[in-house]
Amino acid sequence: MKWSETLIPTLKEDPSEAEVSSHKLMVRAGMIRKLLSGAYSYLPLGTRVLNKVMAIVREEMNRAGAVEVYLPVLQPVELLEESGRVDVFGQDLIRFQDRHGRLMALGPTHEEVITYLVRNEINSYKQLPITFYQIQVKFRDEARPRFGVLRSKEFLMKDAYSFDVDEEGLSRSYEKMYHAYCRIFQRCGLDYIPVEADTGVMGGEVSHEFMVPSEIGEDYLVRCKGCSYSVNRERAEPAPLPPERDGQSALGGVQAVSTPKVTTIAQVSSFLGVTPKNMVKTLIYKAGGEAVAVLIRGDHEVNEARLARVLGQGVSLADAETIFNLTGAPVGFTGPVGLPIRVIADQAVSVLQNCVTGANKADTHLINVNPGRDFQINNVYNIRYVTQGDRCPRCGEELIISHGIEVGHVFKLGTKYSEAFNARFLDPQGRLRPILMGCYGIGINRIIAALIECSHDEGGIIWPPNIAPYKALVLPLNVKDKTAFQTALKVHDELEGAGIDTLLDDRDQRPGVKFKDADLIGIPFRVVLGRRFEEAGEVEVQCRQGGEKSFVTSQGVVAEIKRLLEKFRGLSHG
RNA sequence: CGGGGCGUGGCGCAGCUUGGCUUAGCGCGCUUGCUUGGGGUGCAAGAGGUCAGCGGUUCAAAUCCGCUCGCCCCGACCA
């Protein structure tokens, strides 16, 4: 392809709206342009990368035995009502009425649609197992689209759904997808980490997220320095903390102190001169109809997903009025002493001594409060988020917390949707049984953004050959030099002929402009025809990554690039 | 959805505080001609703007006031 015959509008300056490098670079390299907040047009270069990623995904899905389908974007809202997910998606669901007044939604995902299909089409064990997949656009009306293509309202997703007769079958299907995902991310050149994950909105029991470590990631991953423990933040469970001191000798007597208008942990901490580690936050949650007190150390945060899990139901923070009615004090002065409701404590609270709590009285806190002596704990659980310094629950080594970009997620759903939709099959004994489901998602756009986030330098993007928009860029420095230009054309054609997709920069621009653009759009291998070609008939082949250069004759370019591709493949990104 | 910021040719910005010396300016990009040819060449001539929209104040509004819309950031939210 000639540069002059496609559209690659590169920019010298960063777009003002972009914050993160992947977003800046995708815009500057002429890959994308914003249409509206959370929706981007892909220009030719961006589209080529999308297609390359999708081709890899298709190959690996097919290799894993999944079969491709194409489900409608348009979904009747009733379908999502059947599974109870209209409320789950809430505002994120894009809804409207068609001309007949029927409520429609733009698919945020497709569990319902596929299960509806399967309920009607699959009714025998002979048709199982089977895994369907599609690559298709999804819509979620994100409250706050961010980071360009990383979190948008409209995005491409590869979603797959497996259907099995029993748990073992489901596990086999799950494993297959898991391994296919590993191959996909590896082929895309991503350094990814699979982590155990919470199942969240999807329901089900087992789940893994595929994370790409990155400062800008909106998710957290928790890994152990010593063993293979790696989980996401919701799922992470710190090792229990040891008791602060032993014996009862050091226990002081409870004392009320006046703390006028001092409500937050930070304020109380500096007002009383105590560390947040020695304070207890008392949060009133509503779980079902019941109010419960949840105790958490001052420097910790409640993991609501875990709390909901241990309580077996959804939870939400109580409002100020409820708190006042229960405790007799405004928000900010709640404490466990004398509270007439169920008290749940995080493990870290249960080992505290002489701590500070609210007094259930306005403008007052209590000091020297001790669990067990001054108040009873009904249940002790691990309900806090892991913090820096926490230890691994498996081996006791230190845990590392870092940010990550979620590029894929796999779930064992079990029978959640098949039961909701009555998707059942007849087993060999003629019994009707629910189908076991798994679902598996990959964010196509996110793969691209995550890759750029991890693979760029000051000059621009550094593509791995597998997903680069073109593998090679032929760069005649002076297009008015007829011989050089003709040779460049020939080299381009030969590369294309050898199956190496190639871009020819045929623009009448200064060398500096061409080099800068070449670096920006990040094509892995660059073939330069310049002074050296005029003088000695040699062309220069250079790698974007590492900058390694070699000089060959124009006839030797194809072989040289094939050699470099081989070498690259051998290195890491098979 | 709460808090903050911004909106001026395709892109990045100045001008707004203190309304009128602006026929709205600068850099990049774009067009034409010449020049140059290994890291964003130089010169010259040009094209391109309802100053987000609506309403108000005023002799006079990009500039002051109000409303609306859009965009970005922080938070809440989020396969």
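Lettering follows sequence order; numbering is per chain, from 1. Computed from a predicted model, the values in this text were never measured in an experiment.
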Donor-acceptor pair (no angle test) under 3.5 Å: [X] side chain, [N] base:
X	N	value
A/K480	B/G37	yes
A/D508	B/G37	yes
A/D519	B/G39	yes
A/E13	B/G27	yes
A/R507	B/G29	no
A/E540	B/G38	yes

Can you check the distance between [N] and [M], where both ends of the measurement are the [atom1] atom (answer in whole Å)?
N	M	atom1	answer
B/G10	B/A52	P	13 Å
B/G29	B/G20	P	32 Å
B/C51	B/C28	P	25 Å
B/G12	B/C71	C1'	16 Å
B/C64	B/U17	C1'	11 Å
B/C26	B/A14	C1'	7 Å
B/G27	B/G46	P	15 Å

Between [X] and [N], is there a side-chain N or O to OP1/OP2 distance below 4.0 Å?
X	N	result
A/S16	B/C13	yes
A/R146	B/C74	yes
A/R510	B/U41	yes

Worksheet entry | Where at least one partner belongs to residues 72-81 of chain A, residue pairs that pass side-chain hydrogen bond (donor to acceptor under 3.5 Å, both in side chains), sequence neighbours excluded |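 Every pair satisfying side-chain hydrogen bond (donor to acceptor under 3.5 Å, both in side chains) with a residue in residues 72-81 of chain A: A/Q75-A/H110, A/E78-A/R102.
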
Whole angstrom value for the distance that separates [atom2] of [N] from [atom1] of [X]:
X	N	atom1	atom2	result
A/D141	B/C77	CG	P	18 Å
A/E458	B/G40	CD	P	16 Å
A/R144	B/G2	CZ	P	14 Å
A/E17	B/G10	CD	C1'	13 Å
A/Q91	B/C77	CD	P	15 Å
A/D319	B/A76	CG	C1'	17 Å
A/I8	B/G40	CD1	P	20 Å
A/D505	B/G40	CG	P	15 Å

Worksheet item: How are the rings of A/F210 and A/F185 set to each other: parallel, tilted or perpendicular (split at 30° and 60°)?
Response: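 Judged by the thresholds at 30° and 60°, the geometry between A/F210 and A/F185 is tilted.
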
Practice prompt. Go through the steps to decide whether A/I452 and A/W463 satisfy the test side-chain contact (heavy atoms from CB on, under 4.5 Å), and finish with yes or no.
Written response: CA-CA 8 Å; A/I452 296 174; A/W463 292 112; 3.8 Å; yes

Hunt down the Watson-Crick or G-U wobble partner of [N], both distances under 3.5 Å, from any strand shown, or write none.
N	value
B/G2	B/C74
B/C64	B/G56
B/C13	B/G25
B/G7	B/C69
B/G46	B/C30

Discussion item. Looking at A/R119 and A/E82, is any side-chain nitrogen of the basic one under 4.0 Å from a carboxylate oxygen of the acidic one?
Written reply: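 The answer is yes: the pair qualifies as a salt bridge.
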
Checking contacts here: which listed nucleotide ([options]) is nearest the side-chain heavy atoms of [X]?
X	options	value
A/K34	B/C77, B/G39, B/C71	B/C71
A/Q509	B/G40, B/C72, B/C30	B/C30
A/L477	B/G38, B/G37, B/C78	B/G38

Worksheet item: Taking the side chain from A/D164 and the backbone from A/P129, do they hold a donor-acceptor pair closer than 3.5 Å?
Response: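 Not a single qualifying donor-acceptor pair exists.
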
Is [X] touching bases, backbone alone, or none of the nucleic acid, heavy atoms closer than 4.0 Å?
X	answer
A/E218	nothing
A/E19	sugar-phosphate
A/D14	sugar-phosphate

Practice prompt. Run the numbers on A/S214 and A/H403 for side chain to side chain donor-acceptor pair (under 3.5 Å), then give the verdict.
Written response: CA-CA 6 Å; A/S214 163; A/H403 287 272; over 6 Å; no

Item to complete: For A/E304, enumerate each residue passing the salt bridge (Lys or Arg N to Asp or Glu O under 4.0 Å) test, keeping only those at least two apart in sequence or located in another chain.
Response: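 Here no residue qualifies.
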
